[in-house]
Amino acid sequence: MVPILEAESKPETPPVMIGVAADSGCGKSTFLRRVLGALGTEVKPGHTAIGDMLTVICLDDYHINDRAGRKATSLSALDARENDFALMGAQIEALKQGKAIYKPIYNHDTGNKDPPELIQPNKVFVVEGLHPIYDEKARSNLDMALYIDIVNDVKFAWKIQRDVAERGWTEEQVREDIEKRLPDFAEYVDPQKKDADVVLRYEPSDQGLPYLKVKLIQKKGGAFPAISLKKEMSLTGSKPGATIKQYDDDWYGSPVSVIEMDGEIDMDNMAEQVAEIEANIEGLNGRSPSELTDAMVKLKDSPGSQNGTGLLQAIIAMKIREVYDKLTA
Ligand SMILES: Nc1ncnc2c1ncn2[C@@H]1O[C@H](COP(=O)(O)OP(=O)(O)O)[C@@H](O)[C@H]1O
Ligand SMILES: O=C(COP(=O)(O)O)[C@H](O)[C@H](O)COP(=O)(O)O
């Protein structure tokens, strides 16, 4: 099957390409399920999440080897040499040009490669994985780039839990794999955070783990349509409560505006507290004054709904649509 072909119907405007980069286990897939939910796109079942507005391209599908192959090369999946960047860049460029592709598939459940699948154009493509910003050709086709930056304590707990529950690894094996990947993470994945338009950073709360401090780091003059707060907020009712504030900062040499949420909202009072937050945000540009609250309530059972990860991810979903609306107006 040819990797690139003419689409069954060429889109009127070029698809909007959004890159989401992060290490393994950082919640990219979870985040994109929230984005699809927040944008209300019905998703067809299958390997690739395809909604009526947005298609998620998982860049793990460009791994050159399968799990057994990587054991033979003893290279990690993070290593550039284990990823077909030539095909990845060419296919991302083709999608941006409104073409169709036969995309390879890497099956995380079996560790094998499955037959390629036909991907037709869509309004928005989110290309998520280890290297969407690292690879020059992929990066040059992005309209906006997001990086998810999580401190090790949180990231590794999530990865271990998932890889044991869903990928057939033992906790010992995952810990060993994490250790082995650290140099590759530093060389091939972590540097991407400097070139992102927006970064989601998860740190331990000032009240300590398991509570989180979550930062939306918005590069000034970048492609992310920034939001701001009318005032600092302190929410009570939950343990340990939540504070939300805004400040300017420097992110690897770039001036940024940071929206920071520390702690958790009161889930028994979720709609009211999120509505209070939504009314306090400037520049959200929702389709209705309660779009954020409605999305959060609809997705209440998704991971992170109680803290800044869910809230700021839902805001990013609205911003992805705003970027689409702007570029296709
Ligand atoms: N905001 C969150 N809060 C709590 N757990 C999360 C959150 N996001 C993801 N997780 C958990 O972390 C693990 C890894 O998430 P996943 O989306 O598979 O990461 P990735 O696609 O980046 O490898 C999963 O078990 C998921 O349920
Ligand atoms: O690291 C990643 C990214 O995956 P994700 O971001 O989904 O964690 C590799 O694709 C898997 O580790 C493959 O290795 P395996 O399938 O052997 O775990």
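Keep in mind the model is a prediction, meaning the values are calculated, not measured. Each ligand, and each atom within it, is numbered from 1 in the order the structure gives.
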I'd like to know if R181 and D177 make a salt bridge, using a cut-off of under 4.0 Å between side-chain N and carboxylate O. yes

How close does the nearest protein non-hydrogen atom get to atom 14 (O) of ligand 2, and which residue and atom is it? R70 NH2, 3.1 Å

Salt bridge check, D79 against R81: does any charged N sit closer than 4.0 Å to a carboxylate O? yes

Tell me which protein heavy atom sits closest to atom 3 (C) of ligand 2, plus the residue, atom name and distance to 0.1 Å. D60 OD2, 3.4 Å

Do E136 and R139 meet the salt-bridge criterion of a basic N to acidic O distance under 4.0 Å? yes

With heavy atoms under 4.0 Å as the rule, classify the contact between S24 and ligand 2 as side chain, backbone, both or neither. both

Would you mind listing which atoms of ligand 2 come within a distance below 4.0 Å of any non-hydrogen atom of Y106? 13 (C), 14 (O), 15 (P), 16 (O), 17 (O)

Under 4.0 Å from a heavy atom of A77: give me the atoms of ligand 2 that qualify, with their elements. 9 (C)

Regarding ligand 1, does R162 bring an N or O atom to under 3.5 Å of one of the ligand's N or O atoms? yes

Any non-hydrogen atom of G25 lying under 4.0 Å from ligand 2? yes

At a 4.0 Å threshold, what atoms of ligand 2 neighbour a non-hydrogen atom of K28? 6 (O)

For R167 and ligand 2, does the shortest N/O to N/O distance drop below 3.5 Å? yes

Report the distance from atom OH of Y188 to atom OG of S76, rounding to the nearest 0.5 Å. 8.0 Å

If Ile, Leu, Val, Met, Phe, Trp and Tyr residues are connected whenever their side-chain heavy atoms lie under 4.5 Å apart, and connections chain through other members, are I133 and I316 in the same group? no

Which residue owns the protein heavy atom closest to atom 19 (O) of ligand 1, what's the atom, and how far is it? G27 N, 2.9 Å

Any atoms of ligand 2 less than 4.0 Å from a non-hydrogen atom of W169? List them with their elements. 17 (O), 18 (O)

In this structure, are over 12 heavy atoms from other groups packed under 6.0 Å from K239 atom NZ? no

Salt-bridge present (D61, K103; N to O < 4.0 Å): yes

Would you mind checking which non-hydrogen protein atom is closest to atom 1 (O) of ligand 2, with the distance to 0.1 Å? R181 NH1, 2.8 Å

Indicate the ring-plane relationship of F85 and Y134, choosing parallel, tilted or perpendicular according to the 30° and 60° boundaries. tilted

Taking 4.0 angstrom as the limit and counting only heavy atoms of H63, give me the atoms of ligand 2 inside it, by number and element. 9 (C), 10 (O)

Among non-hydrogen protein atoms, atom 1 (N) of ligand 1 lies closest to T309 OG1, 3.0 Å

Between D262 and K245, is there a side-chain N and carboxylate O pair less than 4.0 Å apart? no

So, is G25 polar-close to ligand 1, with some N/O to N/O distance under 3.5 Å? yes

Suppose I only count heavy atoms of S29 and a 4.0 Å limit; which atoms of ligand 1 are within that range? 17 (O), 21 (O)

Less than 4.0 Å is my threshold; does some heavy atom of A22 fall inside it relative to ligand 1? no

N/O to N/O below 3.5 Å, does that happen between R167 and ligand 1? no

Heteroatom proximity flag, T30 to ligand 1, N/O under 3.5 Å: yes

Would R167 and D109 pass as an ion pair if we require N to O under 4.0 Å? no

For the 3.5 Å polar cut-off, considering only N or O atoms, please tell me whether S24 and ligand 1 meet it. no

Between K113 and D66, is there a side-chain N and carboxylate O pair less than 4.0 Å apart? no

Determine which pairs satisfy side-chain hydrogen bond (donor to acceptor under 3.5 Å, both in side chains) with at least one residue from residues 276-285, sequence neighbours left out, and list them in order. E278-T293, N285-E322

Could you find the nearest protein heavy atom to atom 5 (N) of ligand 1 and give me its residue, atom name and distance? W158 CE2, 3.5 Å

Is there a polar contact, in the sense of an N or O pair closer than 3.5 Å, between E166 and ligand 1? no

If the threshold is 4.0 Å, N to carboxylate O, is there a salt bridge linking R287 and D325? yes

For K159 and ligand 1, does the shortest N/O to N/O distance drop below 3.5 Å? no

Looking only at side-chain N and O atoms, does S24 offer a donor or acceptor that is under 3.5 Å from a partner on K159? yes

Which ligand 2 atoms does R67 reach within 4.0 Å, using its non-hydrogen atoms? 15 (P), 16 (O), 17 (O)

Protein contact of atom 25 (O) of ligand 1 - nearest heavy atom, named by residue and atom, plus distance: Q161 OE1, 2.6 Å

Lys/Arg N to Asp/Glu carboxylate O, E6 vs K10, below 4.0 Å: no

